[in-house]
Protein chains: 2
Amino acid sequence: MKSTEDKLNHVMVEFYEKLSSWEQAVVKDKGYSLPLVHTVEILGGHGPMRMKELAEKIGVTTGTLTVQIDKMVNLELVTRKPHESDRRSILVELTSQGHELYEEHDALHLQLTGELTAKFSDEERAQFLNFLQRVNAEF
Amino acid sequence: MKSTEDKLNHVMVEFYEKLSSWEQAVVKDKGYSLPLVHTVEILGGHGPMRMKELAEKIGVTTGTLTVQIDKMVNLELVTRKPHESDRRSILVELTSQGHELYEEHDALHLQLTGELTAKFSDEERAQFLNFLQRVNAEF
DNA sequence: ATAAGTACTTTGATGTTCAAAGTATATTGC
DNA sequence: GCAATATACTTTGAACATCAAAGTACTTAT
């Protein structure tokens with residue numbers, strides 16, 4: 001007999017994998033690359049960010065990120081602006097177009113969330129939210 | 001004021017992103033590529049699978065998967081075996097070495113799960129499990 | 001001041017991915 | 001049962017992503 005922890009582990013992985021597939025399908029559909037949308041998603045959620053920080057969140061080297069951001073600047077999705085107190089650093093910021101893409105993508109996520117928790121009561125939704133908040137806080 | 005649905009959406013995305021970073025860090029540490037470990041993870045969780053099915057789960061074309069599986073066959077992590085009823089199809093199956101890698105990786109996940117839910121009561125863990133099962137079922 | 005450290009970019013090599021065309025098998029409609 | 005169509009996988013060549021290492025510019029520590 002498997003423990004609750006074991007089962008919890010596997011449903012978490014399963015959830016991760018399904019979300020991952022979903023994201024991939026949605027992104028391909030829009031004609032953007034996964035790293036590009038991922039970058040938009042992070043910038044939209046966190047606001048302007050330094051290259052270093054952004055690279056860590058995405059999980060690539062800064063070298064890789066530089067070329068990624070170059071492309072996104074050309075597409076007018078982001079701009080680089082100087083960091084006010086550290087002139088080595090650069091802040092990457094969504095343009096209004098970038099923000100639009102973020103909102104559009106976020107709306108799809110919201111729709112998915114609605115579908116996934118359609119059978120939840122309001123109380124259950126609130127509990128689920130609470131659990132996820134606590135889990136995220138531990139990461 | 002943001003709705004519960006909105007917040008739920010964002011904590012779900014946050015959870016996904018954190019898990020994604022964690023996975024990336026763990027995998028790089030082991031010297032395997034992300035797609036390789038992802039493949040092992042899926043095969044370990046679901047058992048032997050057809051190329052088509054596996055490609056869909058991972059979110060790549062079958063062409064990409066063929067070369068991925070070629071590599072993994074060379075590393076002796078998986079084998080190809082004929083599908084019993086459809087001779088066009090091929091089943092990809094973990095070798096004992098592949099299964100070992102799966103177990104090893106799964107143990108890391110289990111440890112993470114333990115850490116993330118360390119402050120949960122048994123009842124809360126059970127509820128969380130229930131929620132995730134229901135969410136996964138809707139996907 | 002000088003040295004060491006940090007943030008970013010550039011570059012060349014390697015690895016990943018795709019789309020399209022190819023082969024083999026299965027299914028459908030006549 | 002036979003042709004036509006569909007499906008499962010592989011191969012190939014080109015496009016893209018990624019890294020490590022070296023380079024530039026700035027900052028911090030001694």
Side-chain angles (χ1 to χ4, degrees), chain A residues 20-21 23-43 46-75 77-93, chain B residues 20-21 23-43 46-75 77-93:
Chain A
S20 189
S21 292
E23 185 85 7
Q24 210 132 17
V26 163
V27 160
K28 208 159 291 170
D29 219 49
K30 293 278 164 192
Y32 290 115
S33 77
L34 193 57
L36 187 147
V37 174
H38 196 186
T39 304
V40 168
E41 222 168 350
I42 291 176
L43 289 175
H46 295 74
M49 211 179 283
R50 292 182 311 117
M51 293 288 287
K52 185 91 193 303
E53 210 179 338
L54 189 51
E56 269 164 17
K57 276 211 188 297
I58 301 176
V60 295
T61 62
T62 56
T64 300
L65 187 59
T66 293
V67 339
Q68 172 73 247
I69 295 300
D70 283 348
K71 267 180 236 155
M72 293 179 70
V73 168
N74 282 332
L75 291 170
L77 293 171
V78 299
T79 52
R80 283 184 238 245
K81 68 173 200 182
H83 190 285
E84 35 184 61
S85 64
D86 186 342
R87 284 192 294 170
R88 292 167 308 178
S89 286
I90 279 182
L91 286 179
V92 183
E93 192 176 31
Chain B
S20 191
S21 292
E23 186 85 5
Q24 210 134 17
V26 162
V27 160
K28 208 159 290 170
D29 218 50
K30 292 278 164 195
Y32 290 115
S33 77
L34 194 56
L36 186 147
V37 174
H38 197 185
T39 305
V40 168
E41 219 168 352
I42 292 176
L43 288 175
H46 297 74
M49 210 179 284
R50 290 181 314 115
M51 292 290 285
K52 186 89 195 303
E53 208 180 340
L54 189 50
E56 270 164 18
K57 278 211 186 296
I58 301 178
V60 295
T61 62
T62 56
T64 299
L65 187 59
T66 294
V67 341
Q68 172 74 246
I69 295 299
D70 283 347
K71 269 180 236 154
M72 293 179 70
V73 167
N74 282 332
L75 291 170
L77 292 171
V78 300
T79 52
R80 282 184 237 246
K81 69 174 202 182
H83 190 285
E84 37 185 55
S85 65
D86 186 342
R87 281 193 296 169
R88 294 168 308 178
S89 287
I90 278 184
L91 287 178
V92 183
E93 191 177 31

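Scope of the values below: all heavy atoms of this structure, side chains included, with no hydrogens, waters or symmetry mates. Throughout, a chain's letter reflects where its sequence line sits, starting with A, and its residues are numbered from 1.
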Check: B:E23 and B:V37 side chains under 4.5 Å, non-hydrogen atoms: yes
Listed nucleotide nearest any side-chain atom of A:R80, set C:dC8, C:dT9, D:dA8: C:dT9
Sugar-phosphate only, base, or nothing, as touched by A:S89 at under 4.0 Å among non-hydrogen atoms: sugar-phosphate
Note, B:V40 side chain near B:V78 side chain (heavy atom, < 4.5 Å): no
Integer-rounded Å distance: C:dC18 P and B:E56 CD: 13 Å
Sugar-phosphate or base contact per nucleotide [nucleotides 17-30 of chain D; S, B, -; heavy atom under 4.0 Å]: SBBS----BBS---
Listed once per pair and sorted, the salt bridge (Lys or Arg N to Asp or Glu O under 4.0 Å) pairs that draw on residues 28-38 of chain B, sequence neighbours left out: B:K30-B:E104
4.5 Å side-chain heavy-atom contact, B:T79 and B:V92: no
Heavy-atom side-chain proximity of A:I90 to A:R50 below 4.5 angstrom: no
Gap between atoms CD and C1', on B:E84 and D:dA8 respectively (whole Å): 17 Å
Interatomic distance, B:Y32 OH vs C:dT16 P [rounded to whole Å]: 14 Å
Any side-chain heavy-atom pair of A:L43 and A:M49 under 4.5 Å: yes
Residues which pass side-chain hydrogen bond (donor to acceptor under 3.5 Å, both in side chains) with B:T64, listed by chain and number, not counting sequence neighbours: B:T61
Interatomic distance, B:N74 CG vs C:dG15 P [rounded to whole Å]: 14 Å
Pairwise salt bridge (Lys or Arg N to Asp or Glu O under 4.0 Å) hits with a residue in residues 57-73 of chain A, at least two apart: A:D70-A:R80
Euclidean distance, atom CG of residue B:L54 to atom P of D:dT7 [Å, nearest integer]: 20 Å
Euclidean distance, atom CG of residue B:D70 to atom C1' of C:dG15 [Å, nearest integer]: 15 Å
Whole-Å gap separating P (D:dC9) and NZ (B:K81): 14 Å
Distance in angstrom units between B:L65 CG and D:dC9 P, rounded: 9 Å
Where at least one partner belongs to residues 84-93 of chain A, residue pairs that pass salt bridge (Lys or Arg N to Asp or Glu O under 4.0 Å), sequence neighbours excluded: A:K81-A:E93, A:D86-A:R88
Divergence of helical axes at both termini of the helix from C:dA1-D:dT30 to C:dC30-D:dG1 - five pairs an end, 10° steps: 40°
